[in-house]
Amino acid sequence: MIIANIGTLLTLETEPLHNAFLEVDQGVVIRFGSMASAPRADVDAERRVVMPGFVDCHTHLANMGQMHGSFEDRCRAVAAAQPEELRASIERQIAMMLAFGTTTVEIKTCYGSPEKCLDAMPHDVIRTEMAPPDWTLWRQPHFVDALAEGMTAERLLATKTPVKVHVLDRGLEMALEAGAVSVEHLLHATKRDVATLAQTSTLAVLLPAMAYYTRAGRFAPARQLIDAGVKVALGTDSNPGDSPSFSMQMVMHLACREMGMTCEEAIRAATLHAAAALRLDHRLGSLAPGKDANFLILETGDYRDLPAVIGSNLVRKVYRRTYAAGELSPA
């Protein structure tokens with residue numbers, strides 16, 4: 001399939017290309033280039049932006065969707081649900097994210113039985129088990145995640161599973177000692193934390209929608225992290241309690257408005273860097289020959305509109321590769 005007449009092609013592997021085409025075949029990018037060398041056209045992009053699909057690397061979608069009540073109420077709802085009801089709830093939320101341009105989703109267990117939640121997740125998501133200090137690891141998830149408070153590096157390392165850590169207040173040193181792939185939230189990161197993180201390859205996953213919805217009074221120090229050389233990713237933290245959002249576009253808007261990120265930094269954080277936080281950047285997050293053809297056609301011809309416009313969905317059309325069971329797995 002040839003997508004032609006692209007106004008601006010954001011590959012994130014090259015500088016933006018103007019008046020371009022993109023060729024894909026069987027869910028894989030084949031090549032891209034100038035319209036001057038384009039073969040026949042199957043899809044006319046009508047001078048709009050084409051770019052990689054969003055990667056949401058931090059969600060809690062294993063829930064029954066209710067936005068009212070307490071955390072305990074949500075756990076009881078999951079416990080009472082039939083497996084097929086929980087699966088249907090997760091799939092409805094993924095469909096809403098897809099409409100906003102998210103083509104890859106990570107889901108953490110959170111509400112009730114990790115085993116039940118993991119079993120209900122579709123095969124083509126990245127599965128992460130949230131781990132209390134006394135947990136049992138179920139179903140060989142792709143990652144294990146934990147609250148830094150009350151956890152030890154030794155306990156996490158004993159799982160022999162790649163680690164992510166919620167660092168809400170303190171615990172960065174423990175997370176790094178455990179070799180965390182990413183540290184999440186970092187709402188209270190200090191200058192010392194930023195300098196420490198900059199000496200590692202661990203990614204910072206920032207979740208501005210949660211800070212916004214909870215009126216936390218502060219956002220993670222994205223500007224300082226990026227300036228120090230830390231690779232920053234963005235996620236929705238989608239959950240019915242303190243971040244009821246399915247839109248990476250809203251997250252990018254907050255990242256630019258409240259955290260000092262540029263448009264280009266926010267787009268990269270929501271695509272290629274988010275894929276790196278899932279160890280999937282070898283196949284997702286950018287458009288390059290051999291990588292998965294997950295991409296968007298926007299309503300606009302200027303990608304800078306993406307984080308600037310609020311209250312509207314600027315995604316015109318979503319293309320997403322279909323994955324067989326077990327095919328989407330971190331490197």
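Computed from a predicted structure; not experimentally measured. Residue numbers run from 1 in the order of the sequence given.
- No side-chain donor-acceptor contact under 3.5 Å links T128 and D145.
- Checked against side-chain hydrogen bond (donor to acceptor under 3.5 Å, both in side chains), E85 has no partners two or more places apart in sequence or in another chain.
- Side-chain contact of N5 with R48: a donor-acceptor pair under 3.5 Å is absent, judged by distance alone.
- Each side-chain hydrogen bond (donor to acceptor under 3.5 Å, both in side chains) pair with one or both residues in residues 193-204, not counting sequence neighbours, appears once here: T190-D193.
- Checked against salt bridge (Lys or Arg N to Asp or Glu O under 4.0 Å), D25 has no partners two or more places apart in sequence or in another chain.
- Under the side-chain hydrogen bond (donor to acceptor under 3.5 Å, both in side chains) criterion, E299 pairs with R316, not counting sequence neighbours.
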Kindly list each side-chain donor-acceptor pair under 3.5 angstrom involving residues 89-100, sequence neighbours excluded, with atom names and distances?
from : atom 1 : to  : atom 2 : distance (Å)
S89  : OG     : N63 : O      : 2.6
S89  : OG     : Q93 : NE2    : 3.4
Q93  : OE1    : N63 : ND2    : 3.4
Q93  : NE2    : L61 : O      : 3.0
Q93  : NE2    : N63 : OD1    : 3.4
Q93  : NE2    : S89 : O      : 3.2

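- Contacts of R76 classified as salt bridge (Lys or Arg N to Asp or Glu O under 4.0 Å), with partners at least two apart in sequence or in another chain: D73.
- Listed by first then second residue, pairs satisfying ring-ring contact (aromatic ring centres under 6.0 Å, His included) with a partner in residues 151-210 read H58-H166, H58-H185, H60-H166, H166-H185, not counting sequence neighbours.
- Every residue two or more places apart in sequence or in another chain was checked for a side-chain contact (heavy atoms from CB on, under 4.5 Å) with P83, and none qualifies.
- Counting heavy atoms from C-beta outward, F54 and L306 have side chains that approach closer than 4.5 Å.
- The one candidate from D305, L296, L314, L298 that meets the side-chain contact (heavy atoms from CB on, under 4.5 Å) condition with V49 is L298.
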With a cut-off of 3.5 Å and sequence neighbours excluded, list every side-chain donor-acceptor pair involving residues 276-283.
from : atom 1 : to   : atom 2 : distance (Å)
R283 : NE     : D292 : OD2    : 3.1
R283 : NH1    : E327 : O      : 2.9
R283 : NH2    : D292 : OD2    : 3.0

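- Under 3.5 Å, the side chains of T14 and T11 contain a donor-acceptor pair of N or O atoms.
- By the 4.5 Å side-chain criterion applied to Ile, Leu, Val, Met, Phe, Trp and Tyr, V24 is assigned to a cluster that also includes M1, I3, I6, L9, L17, L22, V29, F32, V43, V50, L287, F295, I297, Y319.
- Considering only residues two or more places apart in sequence or on other chains, K291 meets the salt bridge (Lys or Arg N to Asp or Glu O under 4.0 Å) condition with E13.
- Ion pairing between R218 and E258 fails under the 4.0 Å rule for side-chain N and carboxylate O.
- Looking at residues two or more places apart in sequence or on another chain, you find no side-chain hydrogen bond (donor to acceptor under 3.5 Å, both in side chains) involving S329.
- A salt bridge links D124 and R320; the closest N-O separation between the charged side-chain nitrogens and carboxylate oxygens is under 4.0 Å.
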